[in-house]
Amino acid sequence: MNHSQWKTRQTKRLLGETVDESPAYVEAGHALALGQAVHDRRVALGISQAELAHRAGMTQPQISNIEGGDSVPTLPLLTRLAVALDASLTIQLDDGDSNFVFTPHHPPGPDASSGGHTSAA
């Protein structure tokens, strides 16, 4: 296949074409989407990875690995992260797509940035 014949997965999906994705590719997409959601919520709170790690009873490298999509936390760890981020976590997994939303427990004040963060693989 030459370069002009190659299409990205996203382009193929938009055109309604079948996209073959390995389970590892799908899992990596989920991990990246979760990591982005954690990062976005942490930044919205204005806290460092070290502070989030302290709040969640973890280490800063563990937070870095999650935010980078290098590891997928267990359900108990996701619960601790949600508590540490002062938010509820909603997870939607559907046919290779993922959506992770941290919804703040307390509405943001007039000076705060938006609350819920969505990421998709």
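No experiment lies behind these values; they were computed from the predicted model shown.
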Apply side-chain contact (heavy atoms from CB on, under 4.5 Å) to Val26 and Asp97, showing your working.
-> CA-CA 8 Å; Val26 172; Asp97 290 328; over 6 Å; no
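- Not one N or O on the side chain of Glu51 forms a donor-acceptor pair closer than 3.5 Å with the backbone of Ser48.
- Between Leu52 atom CG and Arg41 atom CZ the span is 10.5 Å, to the nearest 0.5 Å.
- For Leu32 against Gly68, the heavy-atom pair with the smallest separation is CD2-O, 3.5 Å.
- Counting non-hydrogen atoms of other residues, nucleotides and ligands closer than 6.0 Å to CD of Gln92 gives a total of 12 or fewer.
- Criterion: ILVMFWY side-chain heavy atoms under 4.5 Å apart, direct or through other members. Under it, Leu81 and Ile91 are part of a common hydrophobic cluster.
- Scanning both residues, His30 and Ser98, for their nearest heavy atoms gives ND1-CB, 2.9 Å.
- The two residues His105 and Ser88 make their nearest non-hydrogen contact at NE2-OG, 3.4 Å.
- By the criterion of side-chain heavy atoms lying less than 4.5 angstrom apart, applied directly or through intervening Ile, Leu, Val, Met, Phe, Trp or Tyr residues, Val83 is not grouped with Val38; the two fall into different hydrophobic clusters.
- With contacts defined as side-chain heavy-atom distances shorter than 4.5 Å, the pair Asp40/Phe102 does not qualify.
- Hydrophobic cluster membership differs between Val72 and Leu77, with clusters built from Ile, Leu, Val, Met, Phe, Trp and Tyr side chains linked at under 4.5 angstrom.
- Of all non-hydrogen atoms in Phe100 and Ala37, the two that sit nearest each other are O-CB, 3.7 Å.
- Here the straight-line distance linking atom CE of Met58 with atom CD1 of Ile63 works out to 4.0 Å at 0.5 Å rounding.
- One distance of note links OG1 of Thr59 with NE2 of His54; it measures 13.5 Å at 0.5 Å rounding.
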Take Glu67 and Ser64, measure what side chain to side chain donor-acceptor pair (under 3.5 Å) needs, and give me the verdict at the end.
-> CA-CA 5 Å; Glu67 287 188 1; Ser64 179; over 6 Å; no
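- Here the CZ atom belonging to Arg80 is positioned 12.5 Å from the CG atom belonging to Leu85, to the nearest 0.5 angstrom.
- Rounding to the nearest 0.5 angstrom, the gap separating the CG atom in Asn99 from the CG atom in Leu34 is 11.5 Å.
- Rounded to the nearest 0.5 Å, atoms CD (Glu27) and CG (Leu93) are 11.0 Å apart.
- Under the 4.5 Å side-chain contact rule for hydrophobic residues, Ile47 and Leu78 share a cluster.
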